[in-house]
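Each chain gets a letter, A, B and so on, in the order the sequences are listed, and its residues count up from 1. Worth knowing before you read on, the calculation uses all heavy atoms, side chains too, and leaves out hydrogens, waters and symmetry mates.
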Protein chains: 2
Amino acid sequence: MATIKELAAYTGLSPSTVSIVLGGKAQQRKIPENTQRRVQEAAQALGYRPNISARRLRDPEAKESMVVAVFWAEDFRAPMMVRFLRGLRRAIQAQGGGCEVLIHPYTCGRLREERSLISLSMFNAAVICNASAEDLAWLEQAKPLLPIVLYNRRSDSYCTVNVDDARIGALPAEVFSAHRRRRAAVLTADEVFYGMRVRTDRFLARCGELGLAVGPVLRQENSMRGGCEGALALCALPGDERPDCLFCASDALALGALRGFHQRGLCLPQALELIAVGNGEREAEEYAWPSLAVVSVPIEEMAVECFYLLRRLVRGEVRPPFSRPMEVRYLPGESCPESP
Amino acid sequence: MATIKELAAYTGLSPSTVSIVLGGKAQQRKIPENTQRRVQEAAQALGYRPNISARRLRDPEAKESMVVAVFWAEDFRAPMMVRFLRGLRRAIQAQGGGCEVLIHPYTCGRLREERSLISLSMFNAAVICNASAEDLAWLEQAKPLLPIVLYNRRSDSYCTVNVDDARIGALPAEVFSAHRRRRAAVLTADEVFYGMRVRTDRFLARCGELGLAVGPVLRQENSMRGGCEGALALCALPGDERPDCLFCASDALALGALRGFHQRGLCLPQALELIAVGNGEREAEEYAWPSLAVVSVPIEEMAVECFYLLRRLVRGEVRPPFSRPMEVRYLPGESCPESP
DNA sequence: CTGAAAGCGCTTACAG
DNA sequence: CTGAAAGCGCTTACAG
């Protein structure tokens, strides 16, 4: 990678002149066309690429601004990143900017391979989302030296922003019970983090407490396809094993399940009430047919809190571990209406 | 913002020692606990925040890596960013990494306010997505000095990656005509860029060429809500004005329309065939009920091409303007099956 | 155990 | 019109 110094040597000009031309200030500094051309040709010939860090180091405006990395799993959870970034953006704008967002997609379970978390020279702080148990274990031991907030995970040594997973599981059970449903089923996916298990377990336990029978707990790929297959499997059950209410672990599963139920002519909510964990776009839930009843995960608000927590961490105003709990809300929908 | 030098002055230590402690190398350099504490306390007291640019400037690994900014509109198009980032990530991984992605949400029409495009000290190159006519006009005149690729826009002075908007409009007309449909309608939204108008105009023109009557051209908010309202409006038309085929300008509009048609008990594809511009997640199209027939916009592949073009631009291997055309594909679905 | 010095690549007064 | 010098904030040999 050529530097300005090298271009200077190559052209026989000084670094100052080269810098002026490359910075687009030739006009105001009255550099003749000819000199400009020499510089441009040299840049082309030597493959010059400006060093952004060096430029930034000199830029007084840039000094105030900090860089926050968002680690997000590059799997079925990718679409949820939109909601998170929306919240993050909101928080940054609310403080008048001054924060750049660096996206770091990563493979779940391989957070340890992300050198940037160790090198300390890529960003000021990081929000780590979607961490697996392995990733968390590594974090507990590696202890990166920069401010970190974990999104929707528990930790004894980091700052975290959390939802109450037990509540997410209990709520649907209570609604189903109030609606006098008799047999509940669960449509979920591989438990990529501990909270998912808590949701399912707590749903089942609460059903038990309320006298609801619990039908099958189906585990499918966390996608619409998985949801659709799950629904078809439920419809294939013999009549007495068929549930009349269903807890879906994600919007994707639920939306796919709607298709499966349509295919089989099963009528919601009459034959089956459905409540999903609302982790997708609200509009997709509302304009589904039937619209989805959800226990809504406030992803945008959680992103805002992640940012605030990070800021307090950077300023030394909070010391980890610290957990910021967030409320989940139950939003009825046609798949499980308020007054059935 | 305190610097290491200031911490050194404050503690009476040298900048070297402070740096060693702050870099987490106290152990290996045998700095006594006590000195460490002094440094940490000073950092706390003075509100020290490391300057990432300065660190990066010294990091030999970081030197190779470049920073690409993605400008994306923070409006109804936000969800499409997921597909774009997926493609970008794929391209970066294919070349073995060495590229950071900076997300720059912006307000459409206000690109001119993005100082980072002028300052040159924030990133090496940029992909500008969703630019409005105003934004494009500004770009043509302001001519930022860094490598820029425009996503899905036309330009006389920039490199661009494009789909054939005329083809996107013509294709559905041809399918409807082959299916012997008689009256076509359009459900679209405000034309936030020129290509959208081309799609609609070309659809209408092609219908005319093929002898298809054209019913109303409805303009709604580009969202599921808008789509739903559009569908309800279509159903409210008197019988002889009601279309039997519909071209939707986006997946969001189409998915919302499906709900509207369900509400009115309109049967797809019998009563009405529907083809959408496929700009959303493929899975949402396939698992809709009925599944959507789409003219698919290859967003991921376009992102890959944006990256390649940017790389060639950075290396001086291509000179703007240059347009990379991308193929669109027609994917039948239940809303407009191959053999009706 | 700690410090003085050099240098990463760049830009900007300042001087000529 | 162009160049020599200083300095942005940091880390790392090197010396003691």
Side-chain angles (χ1 to χ4, degrees), chain A residues 1-9 11-39 43 46-67 118-124 145-146, chain B residues 1-9 11-39 43 46-67 118-124 145-146:
Chain A
M1 204 70 57
T3 66
I4 280 197
K5 225 195 241 169
E6 295 176 69
L7 296 195
T11 53
L13 295 161
S14 76
S16 319
T17 307
V18 174
S19 171
I20 288 163
V21 172
L22 261 20
K25 307 213 161 102
Q27 209 85 66
Q28 47 178 289
R29 298 295 297 272
K30 314 209 176 171
I31 311 285
E33 286 281 333
N34 180 37
T35 306
Q36 293 183 42
R37 194 169 8 257
R38 275 160 69 202
V39 171
L46 303 191
Y48 174 73
R49 234 172 61 191
N51 184 314
I52 294 302
S53 303
R55 281 187 173 165
R56 244 190 115 139
L57 186 54
R58 294 228 20 158
D59 184 348
E61 307 230 338
K63 206 179 298 184
E64 295 309 309
S65 127
M66 72 171 201
V67 179
I118 299 302
S119 84
L120 305 182
S121 61
M122 299 305 282
F123 36 77
N124 296 279
L145 275 168
L146 42 74
Chain B
M1 203 70 56
T3 67
I4 280 197
K5 227 201 245 172
E6 296 177 67
L7 296 195
T11 54
L13 294 162
S14 76
S16 320
T17 306
V18 174
S19 170
I20 288 164
V21 172
L22 259 21
K25 306 210 162 104
Q27 208 84 68
Q28 46 179 291
R29 297 295 298 271
K30 313 206 176 171
I31 311 284
E33 285 282 333
N34 181 38
T35 305
Q36 293 184 42
R37 194 169 7 255
R38 274 161 68 201
V39 171
L46 303 191
Y48 174 73
R49 234 171 61 190
N51 183 315
I52 295 301
S53 303
R55 280 188 173 165
R56 242 189 117 135
L57 186 55
R58 294 227 21 158
D59 183 347
E61 306 230 338
K63 206 179 298 184
E64 296 309 310
S65 128
M66 71 172 202
V67 180
I118 299 302
S119 85
L120 304 182
S121 61
M122 298 305 282
F123 37 76
N124 296 280
L145 275 168
L146 42 75

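For the pair K5(B) and dG7(D), the criterion of a side-chain N or O lying under 4.0 Å from OP1 or OP2 is not met. Side-chain N/O atoms of K25(B) include none lying less than 4.0 angstrom from OP1 or OP2 on dT11(D). A sub-4.0 Å separation between OP1 or OP2 of dT2(D) and a side-chain N or O of S14(A) is absent. Considering only side-chain N and O atoms, S19(B) lies under 4.0 angstrom from the phosphate OP1 or OP2 of dT11(D). Taking 4.0 angstrom as the limit, S16(B) places none of its side-chain polar atoms (N or O) nearer than this to OP1 or OP2 of dG3(C). Note on K63(B): a side-chain N or O is less than 4.0 Å away from OP1 or OP2 of dG9(C). The shortest distance between the side-chain N/O atoms of R55(B) and the OP1/OP2 oxygens of dT11(D) is below 4.0 Å. For dT2(D), one of the phosphate oxygens OP1 or OP2 lies less than 4.0 angstrom from a side-chain nitrogen or oxygen of T35(A).
At least one side-chain heavy atom of V39(B) sits less than 4.5 Å from a side-chain heavy atom of L22(B).
Using a 4.0 Å heavy-atom cutoff across all strands shown, R29(B) reaches at least one base atom of the nucleic acid. Residue P32(A) is in sugar-phosphate contact alone, with no base atom involved, counting any heavy-atom pair closer than 4.0 Å across all strands shown. As judged by a 4.0 angstrom heavy-atom cut-off over every strand, P50(A) is placed among residues touching the sugar-phosphate backbone only.
Between R58(B) and V18(A), the residue anchored closer to the 5' end of DNA chain C is R58(B), taking for each the nucleotide with the nearest heavy atom.
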List the steps, then state whether side chain to side chain donor-acceptor pair (under 3.5 Å) holds for S65(B) with R56(B).
-> CA-CA 10 Å; S65(B) 128; R56(B) 242 189 117 135; 3.1 Å; yes
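With a 3.5 Å ceiling on both atom-pair distances, dA4(D) lacks any Watson-Crick or G-U wobble partner.
Not one N or O on the side chain of E64(A) forms a donor-acceptor pair closer than 3.5 Å with the backbone of E61(A).
Considering only the side chain of I31(B), dT2(C) comes nearest among dC1(C), dT2(C), dC10(C).
Between atom CZ of residue R58(B) and atom OG of residue S53(A) there is a gap of 13.0 Å, rounded to the nearest 0.5 Å.
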